[in-house]
Number of protein chains: 2
Amino acid sequence: MPAERKGGVTISQVAEAAGVARSSVSRAYTKPHMLSPETVDHIKAVAKRLGYVPNHTARALSTGRNGNIALIVPDVANPFFPPLIRAAQAEAERSDLCVFLGNSEEDAEKEDKLLGRLSSQVEGVVLASPRLSDERILAHASRKPMVLINRNVEGIPRVLIDSGTGVAEATRHLAELGHKRIVYVSGPSASWSNKQRRAAARKTATALGLELSVISASVPSFEAGLQAVPSILSRKATAAIAFDDVMAQGILAGLAARGVSVPADFSVVGCDDALGALMVPVLTTVSGQSAEAGKVSVSLLMQLLQSDALGDACYMLETHLIARSTTSAAP
Amino acid sequence: MPAERKGGVTISQVAEAAGVARSSVSRAYTKPHMLSPETVDHIKAVAKRLGYVPNHTARALSTGRNGNIALIVPDVANPFFPPLIRAAQAEAERSDLCVFLGNSEEDAEKEDKLLGRLSSQVEGVVLASPRLSDERILAHASRKPMVLINRNVEGIPRVLIDSGTGVAEATRHLAELGHKRIVYVSGPSASWSNKQRRAAARKTATALGLELSVISASVPSFEAGLQAVPSILSRKATAAIAFDDVMAQGILAGLAARGVSVPADFSVVGCDDALGALMVPVLTTVSGQSAEAGKVSVSLLMQLLQSDALGDACYMLETHLIARSTTSAAP
DNA sequence: CTGTTAGCGCTTTCAT
DNA sequence: ATGAAAGCGCTAACAG
């Protein structure tokens, strides 16, 4: 039994047992149309009887293609990513690819290492919300086909979730509700999305005559949101736009703990719609598209793998405000 | 440039450039102690200059070990799993393993396929909350080292989160609060955890003289929880224990929509503590341990890979009630 | 259609 | 301490 578990049946054994050449066995699996139907049947029958299973590794070494891709994310546990991962998986499966998942823990160095470690066994990689520098990203991209999610590096195919539009809508929404002072609670500084959101909030606020101040957090966590609350309150703001839903949720909790009721006394809007309608009260947020991003990214990667030249592909995904119950007229 | 991207530097090129044999280059990486320090330095220097990176696939073919493991879960997007995945990753990394992630979409057949597809390129697999039959699991386990999470199949190393104790505590908690009629909102029928939780609820309820009825749902989703609400209410129950936090959240939402206030009019408790304290009101739940399970499972797998015989390992993780704010005295 | 012959890039005895 | 040579299991020209 341990013998069966070890190694396994090889193509040669099948070939001998079937009385054909090794190449025929190989062809029976990869190019059946090149063999007579009877031969194929015969070979497959013998193979099955022997319990033959093609060795993926050997095939990969020979062909140079391993049928794997890597997906690297900053934090699997951040609810923004699971839908993305799920969709990417599904799309990969359509092309019969397996996916390595890498978790960088929001750390640029770790991301770098993962890229190095994984890239030797995949055909391409999709890098989601990288915290790495443009230089390093370019370096890796020059060695392996790569597509980026939520990072705008020219020359590398990328899918961008344009949360700028959604955040602008959110800001306008708050303005219309009569808010005058609002705060943007910032996320990771290396995050493209964060820069984009902050810029959109600032621009719109200025255009509308709102006062906007920014509070910084490095990691987008519930905790970070919670801790931002005293600072938010001290600025006499009546509404906050958070980098993402998780932080928004933390802000909600912090507000509740201080007896500030939402949305009566204070309005908050999140980003990504990662928590969906799971909460009570239901969070006003900016739509996410993370699943779509996951899907599109691997589909782009597929194209990249086939045509090599994909040009300077940049796929934009629209977002918009989803007004639910954490925003209302300014107190 | 595309030339650089193709293939890559091989051991032979390094050997030639360094004026040594291929085997020496190999040894410089895998058995440095067999070479003189100077030779190692020299080789590594040349290798670095050339941008040499050992080819994982070739090495795997030669050694028979690929340094990969597979982790298969029913649903990445279910908040129970991300922490598990994260912890498993981290533990795998400690042993310098890469992990393939498989998502079965709560579907037994898909799980079966994934297992087949992945097992040819990994050294072992950890199967979390499988929906597959014991037979199929055993079949796969006989071909590849495997450890199970939340599934009790004798002979296969497994880590079990004993939510029975926690659910019993929860039931007792409700009894003490004066609830007389409670309902257990069931999860996937193929889930070991579900059976265990239901059994614990039933047993404790009986012992305490509570009336317990069970409502079935096949997929543990927010939606499923939401849809269970009419049925729950029709049974005149005053409290519900849900298979997991996500369903509990759905129930909360359904209750809110019908104007039933929690915990004043109705109490609900979840399971897994997957949502942590992210919600308002904060969910009373049974602790989860999913991260610990992820960690322990790959650590067990490591042992299994080394010693082959691991005996009938069965690692139990304790759980207990976390009383927060969705439970209170019966109305 | 099918067999022969080289490798893919690396590890690993076996010599030296 | 280092080199030479033989594969790991499979695919891919190139012949027939």
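Letters go in sequence order (proteins before strands), and every chain restarts at 1.
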Quick one: is the NZ or CZ of A/Lys44 closer than 6.0 Å to the six-membered ring centre of A/Tyr29, and within 45° of its axis?
yes
Of the listed D/dG9, D/dT11, D/dG7, the closest approach to the A/Thr10 side chain comes from D/dG9
Please check this pair: side chain of B/Arg86 against backbone of A/Ala77, looking for a donor-acceptor N/O pair closer than 3.5 Å.
no
Residues two or more places apart in sequence or in another chain: which of them pass side chain to side chain donor-acceptor pair (under 3.5 Å) with B/Ser290?
none
Tell me: CZ of B/Arg65 to P of C/dT12, nearest whole Å?
10 Å
Round to a whole Å and report the spacing from CD of B/Gln121 to P of D/dC10.
14 Å
When the distance from CG of B/Leu61 to C1' of D/dG7 is rounded to whole Å, what number comes out?
9 Å
Using five base pairs at each end to define the local axes, how bent is the helix from C/dC1-D/dG16 to C/dT16-D/dA1, to the nearest 10°?
30°
Check ion pair B/Asp312-B/Arg158 (N to O, under 4.0 angstrom):
yes
Does A/Gln121 form a side chain to side chain contact (heavy atoms under 4.5 Å, CB included) with B/Asn68? I'd like the steps, not just the answer.
CA-CA 10 Å; A/Gln121 33 186 349; B/Asn68 298 146; 3.0 Å; yes
Which of these, B/Glu106, B/Glu111, B/Glu105, sits in a salt bridge (Lys or Arg N to Asp or Glu O under 4.0 Å) with B/Arg131?
B/Glu106
Strictly below 4.0 Å, N to O, side chains only: are B/Glu93 and A/Lys113 in salt-bridge contact?
no
Quick one: A/Asn55 CG to D/dG7 C1', roughly how many Å, whole number?
14 Å
Between D/dC10 atom C1' and A/Asn66 atom CG, what is the distance in whole Å?
14 Å
Could you tell me the separation between the CZ atom of A/Arg59 and the C1' atom of C/dG9, rounded to a whole number of Å?
18 Å
For atom CD1 of A/Ile43 and atom P of D/dC10, their distance in whole Å:
13 Å
Is any NZ, NE, NH1 or NH2 atom of the basic residue among A/Glu292 and A/Lys295 found under 4.0 Å from an Asp or Glu carboxylate oxygen of the other?
no
If every non-hydrogen atom of A/Val9 is compared with every non-hydrogen atom of A/Tyr52, which pair is closest and at what distance?
O-CD1, 3.3 Å
Rounded to the Å, how far apart are B/Ile11 CD1 and C/dT12 P?
11 Å
Within residues 20-36 of chain A: residues closer than 4.0 Å to DNA chain D (heavy atoms):
A/Arg22, A/Ser23, A/Ser26, A/Arg27, A/Thr30, A/Lys31
A/Ser62 (side chain) and C/dG7 (base): donor-acceptor pair under 3.5 Å:
yes
Does a side-chain N or O from B/Thr39 land closer than 4.0 Å to OP1 or OP2 of D/dT2, or not?
yes
